[in-house]
Amino acid sequence: MDQISAEGTQDRMQRLVAVRPRLVSFARLQLRDLARAEDAVQEAIEAAIEKDDTFAGRSGYETWVFGILKYKILDALRAQRREGWWQPLDEELDEAAIDRQFQKSGRWEQEARPSNWGNPETTLHSERFWQIFDLCMTALPDTAARVFSLRELMGLSAEDICRETGLKQNNCWVILHRARLRLRACIERDWLTEKA
């Protein structure tokens, strides 16, 4: 192995160590069990190390590892269902709470209107933003956090989420909307207040 290749591998190993807590947090949110989350993360890290030479650099290295973890989590969720350990998500419907956010015309109520977050690119590269995001995710109710993660972080369609969780599609969309509203409020409270 030449010097440049060895340095690249060492850099990626350090990045794996650095991203591991976020991987575990994400897996635990989905699997609802620390031991199962640790197992899924370990499998994802092992796969990343084994397939290191296939990393093409079309995305960030951490994004690539999260992609591997996504499939390990889906495998673990299916295994939970086969083993009878699966806990279906509770039905959560509170359409009145959503309706209170909007006027009859469909526009935001003044007090519910989103704040200006500034430059999205700058925000997404801020480590502090991601720390606050992780804290806000853990503050969400389990169902909202799981459904949001499956949709927005793992990229599953609503149909796939319903198949995996046993939710009805209408309920899935309501839960997603509520999760987004709560995340936005939490991030605005902690991130934007801190920036100011």
Side-chain angles (χ1 to χ4, degrees), residues 19 21-34 36-37 40-41 62-63 66-67 69-74 76-78 80-81 86-103 106-118 120-121 123-195:
V19 77
R22 287 187 60 211
L23 294 170
V24 171
S25 175
F26 180 70
R28 186 176 184 187
L29 181 68
Q30 293 303 318
L31 300 173
R32 296 182 176 186
D33 179 80
L34 181 58
R36 291 173 189 262
V41 169
E62 290 82 358
T63 303
F66 265 97
L69 178 60
K70 166 185 163 180
Y71 292 104
K72 300 298 181 188
I73 289 171
L74 288 174
L77 287 171
R78 290 178 187 122
Q80 283 180 353
R81 190 176 298 122
W86 172 254
Q87 298 174 7
L89 296 172
D90 297 329
E91 296 278 329
E92 284 188 10
L93 272 178
D94 184 8
E95 293 182 33
I98 294 170
D99 291 342
R100 286 191 297 272
Q101 302 282 323
F102 301 96
Q103 300 170 2
R107 296 183 183 271
W108 286 100
E109 288 289 351
Q110 185 63 34
E111 64 278 358
R113 188 170 300 198
S115 300
N116 181 351
W117 289 24
E121 287 296 318
T123 300
L124 290 176
H125 292 292
S126 165
E127 183 63 31
R128 183 65 183 144
F129 170 80
W130 289 110
Q131 290 170 349
I132 290 170
F133 178 84
D134 287 344
L135 289 172
C136 291
M137 281 293 291
T138 59
L140 286 176
D142 283 350
T143 300
R146 286 181 73 194
V147 171
F148 179 85
S149 294
L150 289 169
R151 175 71 177 165
E152 303 300 341
L153 304 177
M154 294 177 64
L156 270 62
S157 68
E159 183 177 284
D160 289 339
I161 293 169
C162 292
R163 188 178 314 112
E164 294 295 329
T165 62
L167 291 171
K168 294 180 181 102
Q169 203 163 73
N170 182 45
N171 195 17
C172 177
W173 288 114
V174 171
I175 292 168
L176 277 170
H177 185 73
R178 292 179 70 206
R180 290 176 183 134
L181 290 174
R182 288 181 181 186
L183 271 175
R184 188 196 85 210
C186 179
I187 291 169
E188 286 179 352
R189 181 187 68 237
D190 295 339
W191 169 250
L192 294 181
T193 304
E194 187 175 284
K195 278 178 56 177

Whether the side chain of Lys70 engages the backbone of Met154 through a donor-acceptor N/O pair (distance < 3.5 Å, no angle test) should be reported. yes
Starting at CD1 of Ile161, measure out to CG of Asn171 and round the result to the nearest 0.5 Å. 12.0 Å
Roughly how far, to the nearest 0.5 Å, is CD1 of Ile175 from CG of Leu167? 4.5 Å
By side chain to side chain contact (heavy atoms under 4.5 Å, CB included), Asp160 pairs with (sequence neighbours left out) Leu156, Ser157, Arg163
Reported CZ-to-OG1 distance for the pair Arg178 and Thr143, which is rounded to 0.5 angstrom: 9.5 Å
With a 4.5 Å cut-off on side-chain heavy atoms, are Cys172 and Arg151 touching? no
Check side chain to side chain contact (heavy atoms under 4.5 Å, CB included) between Gln169 and all other residues, then give those that pass, not counting sequence neighbours. Ala158, Glu159, Cys162, Trp173
Between Leu181 and Arg184, is any pair of side-chain heavy atoms under 4.5 Å apart? yes
Nearest heavy-atom pair of Ile187 and Phe133: which atoms, and what distance? CD1-CD1, 3.8 Å
Mark yes or no for whether Ser149, through its side chain, and Ala145, through its backbone, hold a donor-acceptor pair below 3.5 Å. yes
Supply the atom-to-atom distance Leu140 CG to Leu183 CG, rounded to the nearest 0.5 angstrom. 4.5 Å
Test ring-ring contact (aromatic ring centres under 6.0 Å, His included) applied to Phe26 - qualifying residues, sequence neighbours left out: Phe66
With sequence neighbours left out, write down each residue that passes side chain to side chain contact (heavy atoms under 4.5 Å, CB included) with Leu34, or none if nothing qualifies. Val24, Arg28, Glu38
